[in-house]
Structure formats: C-alpha cells, structure tokens
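Quick notes on the structure that follows.
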Amino acid sequence: MMQRSDLKSRWVVLVLTAVILAGSYFNYDGPAALKAPLQETLHLSDTQYNLLYSVYSFPNIVLPLFGGLLVDRCGTKASLILFVSTIVLGQGIFAAGVALRRYDIALVGRTVFGMGGESLTVVQTTIQAVWFQGKEMAFAMGLGLTVARLGSVINDWVMPAIYQSGVPGLLPPLEPASALSFGFFITLLSLGCALALLLLEVRTDRFLAAQHKREQAQPLLHDTAAGAEAVVEHMSLADIQHFSASYWLLTVSCVVVYATILPFNNVAAGVIMGKYGVSLEVADRLMSIPYLIAACINPFMGTAVDLLGYRAVMLTAGAAALAAVHLSLAWTMVPVVLPLVAMGLSYSAYAAAIWPSIALVVDGRAMGTAFGLTTAVQNGGMASMPIAVGTLRDTTGSYQAVEIFFACVAMVGVAVGVALNVVNHRAGGGLNRVAKRRDALEKKLEAVIREDLEADSQSR
Ligand SMILES: NCCCC[C@H](NC(=O)[C@@H](N)CCCCN)C(=O)O
C-alpha cells in the first residue's frame, strides 16, 4: 500500500517543517539576544528577566502531552495550524507588551508563545516521522534540527543589529520592540509555511485515497489495505499505559540527558569565565560552539543512524560522552574548546538517535501522544534543572559542584541507556537495527503477492 514516505514530496515537507520550527527557535531565544536593552527599557531585575524563560517552560510540563493527544485525535493538519497561530499570537503580544513598556503583558506573550512552541516541536516531529517512516527518518529529523538551531544562531546576530539600526521607514532604531516585531514577521513566515504544508497534506490525502481505491480492486491487497486502516482508532490518555518498557526508558533517557545539555547552555558563560578567566564576550562566543557543531553535523549523524541503526547504542554512548565532558569541566584544565566540541558531537549523536527511536517503539496512531508525553517530561527536567543548578552554585560558590552534578545526571542517562539496550535486545533489538530492512522486506512480500495474483488471474 502506497504511503506518504513513498512520495518525493516528502522533501518539500522536510523544508517546510524545518522553516516552521526555525521561526519558533528564532523567537524562543529573542530575549537572550536583547537582554540588556530589555532590562533597561522595562527596568527588569535578573529574576524578572529570567521569568521570561520560566513562563515559557512551566506550562510545558503538562501541555505537550495534550498537544500530542490533539495531534492523534484531530490530525497533524489542524494541530499544526493551531500551534503555529499560537506562537504568532504569543510573539505579537510579547512585542506589544515591550512597546507599551508593560512587563505583565510581555509575560503573557511569552506564556502564550510557550503554549504553542513546545507542542509545535511535537507536531513537527510527528509529521517528519510519518513522512519519513522506514526511509531517511533520522537524516530528516537531523536536518530539521539543524535548520531550527540555525534559527537560534541567526537570532543572535540579527536581533542586536535590528535593535541598533531598526528597519528604515518601518521599525525605529534603539527600540527592543522593533527587533521583537521583526521576530513577529518571522512567525508569520512560519504560518505561511504551515498553510503551504496544509495544502500539500490535503492534496496528498486525495492522491493516496485514489491510489488505495485502485489497490482495493485487487482482492488480496484490499485485505492488506483494510488491515492497515483498521488500526486508525482514537487515541485516549488511558492508552498511555500500553506504551512499551522501551518507550518509558527512552523518555527517562530524554529527560536526564537533555537536562545536561540545554540547561548547561544557560550557565555555560559563567562556567567558562569562572574556570578560564576569559571575558564575557569571549565566553559568549565559546558557548555557541556545541550548538554550532551540532547544527553542522546533525544530518550526517542522522544518516549514520539511518544506515547503521544502533540507536540504543548511540544514545548510551552520547550520554557517556556527556558525562566525560562534564567531568573534564569539573576536574581538568584541558583547553575549553575540547569539551565544548565534544559536547556538540555528543549532543548531535544523542539527538539523532532519541527522536527516531521514539517513532520506532510506538504504534503510528499514538505517535503524537508519545512525542508529547516525552516532551512534557523533558520540560519538567528543563524547568527544575536551573533551580537545582542555581542552588548548588549559590551554596558552594563555584561551578565545580554544578559540573559534577551534571556528570552524575548524565551517568543516570548511561544506566538508563544500558537498561534500554537489554530490554530492546530481549524484544528483538529493533532499535539497533536498520529500519529500511523491514520496509524492503515488506515491499518484497508485496511484490510476491502481486505476482501471485497476476499469475492466478492469467491461469483462470
Ligand atoms: N524533531 C526533533 C525536535 C526536537 C529537538 C530538540 N527540541 C526539544 O527537545 C524541545 N522539546 C526543547 C527545545 C527548547 C528550545 N526551544 C532539540 O534538540 O532542540
């Protein structure tokens, strides 16, 4: 039976989903690029500034789960438009709040933006999983993440420049709301791509429906098609209990390992300055190394996963490498570039393996819920880690204890990875195998059935 992943248009889908997420990542990092002007204009303390990020994360300890359920119940098309519209609205409110010098409105804007932002990663990952199932899934997700991360990097360059010079005739200079309004236009670009994707999905639905009708004319293939359609039931929250042990281990791995990557980025400048005595400017440049390295190699790591499999091995090795990176930052004086490059490599290897693994261990109809639940739990880690890190830093007065703590959390990731390898091996080892092989086998089987049918009808 022909599927979305058999169509060439999956590459258009990849470009559109990547640009959509880049718009979200661009604006997520907006306050960081405008930290000083925002604090000056709105008279914000450090705590009030940081709250602009906390209000993004806290609702997402729960929301992506419901976002994922919505994806499974209402489909990717409606959910995509809903979540992209929410980030457009959120960024609009945030920019308006800053223009009006109203911190409360700015906070509402960031909250609304967060309500759409994380669920958007869920629907984006689900769309990529559906369109690339059994094909270049890890490559596609890696490339999508590269473009999204480039959104963050471009934000770091563009936002301060727009703040300085404005946009002649449109946005005044030396006004943070100008740069944030530019971010609003970027969310409109995401919305444009989402609408284009919607049209493509509708056309694909029609094309595949016509194709299936034709296939149903052949009795045996009719049975196959009906069998595939029979699983399309509505997913409910209670169905979560049927998720496999591999899924839960992947989710625990995701929360602990990501907790040693993304929250490290928040304190990386402090760690580097405290340990190596460099200026803030130099530390800022150095801390972008892991994301830049990851952005450059994600598609290659993804290709390695597609060609070789070894997902469970790779995500365990990624966690072990992260533990080594944090231990070296805690106890050694190796040139700081080395652990930062190693962090970029391990982050990329880990991200290339974890998201496609989730798609492999859940039933297709539960994909949105599965990604949503993992993202919700992951946000729990990302919301609580900064509190733990801040407390450790304040009580010990240095970042050494923080780095040892990060290393311990990464080691929990290694233990979970080992357990995952054992559980997965007992269940047939699917995570460490190449997904393509199964697809090729299915195709061979389908060809044999087709040949049999033709021979049958000729002999009659
Ligand atoms: N197709 C994979 C998308 C997930 C990539 C992953 N993002 C997350 O884990 C988000 N839930 C959190 C990102 C926070 C910044 N917006 C990533 O590696 O960034």
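Start at 1 and go down the list; that is how both ligands and their atoms are numbered. Side chains are part of it too, since the values below use all heavy atoms of this structure and drop only hydrogens, waters and symmetry mates.
Remark: K35 qualifies as a cation-pi partner of Y49 under the 6.0 Å distance and 45° angle criteria applied to the six-membered ring. Judged by the 6.0 Å and 45° rule, R149 forms no cation-pi pair with Y25.
The Q124 neighbourhood of ligand 1 comprises atoms 1 (N), with distances under 4.0 Å to a heavy atom of that residue. Those atoms of ligand 1 that come under 4.0 Å of a heavy atom in Y347, given as number and element, are 17 (C), 18 (O), 19 (O). Within ligand 1, counting atoms from 1 as listed, the ones closer than 4.0 Å to a heavy atom of T375 are 11 (N).
Nearest-residue assignment for atom 2 (C) of ligand 1 (options N298, T125, I261; heavy-atom criterion): T125.
Only the side chain of L145 comes within 4.0 Å of ligand 1, judged by heavy-atom distances.
Ring-plane geometry between Y347 and Y291 is classed as tilted, the angle between the planes lying from 30 to 60 degrees on a 0 to 90 degree scale.
The single protein non-hydrogen atom nearest to atom 9 (O) of ligand 1 is Q378 NE2, 2.7 Å, given as residue, atom name and distance. At the shortest separation from atom 12 (C) of ligand 1 among protein heavy atoms lies E118 OE1, 3.5 Å. Nearest protein neighbour of atom 7 (N) of ligand 1, counting heavy atoms only, is Y25 OH, 2.9 Å.
The distance criterion of under 3.5 Å between nitrogen or oxygen atoms is met by R149 with respect to ligand 1. Between W355 and ligand 1, not a single N/O pair is under 3.5 Å apart.
Within a 6.0 Å sphere centred on CZ of R102, heavy atoms belonging to other residues, nucleotides or ligands number 12 at most.
Checking V389, L329, L322 one by one against F264, the side chain to side chain contact (heavy atoms under 4.5 Å, CB included) holds for a single residue, L329.
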May I have the step-by-step check of side-chain contact (heavy atoms from CB on, under 4.5 Å) for F132 and F139, ending in yes or no?
CA-CA 9 Å; F132 286 88; F139 167 77; 5.9 Å; no
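E201 has no carboxylate O lying under 4.0 Å from a charged side-chain N of R10, or vice versa, which leaves the two without a salt bridge.
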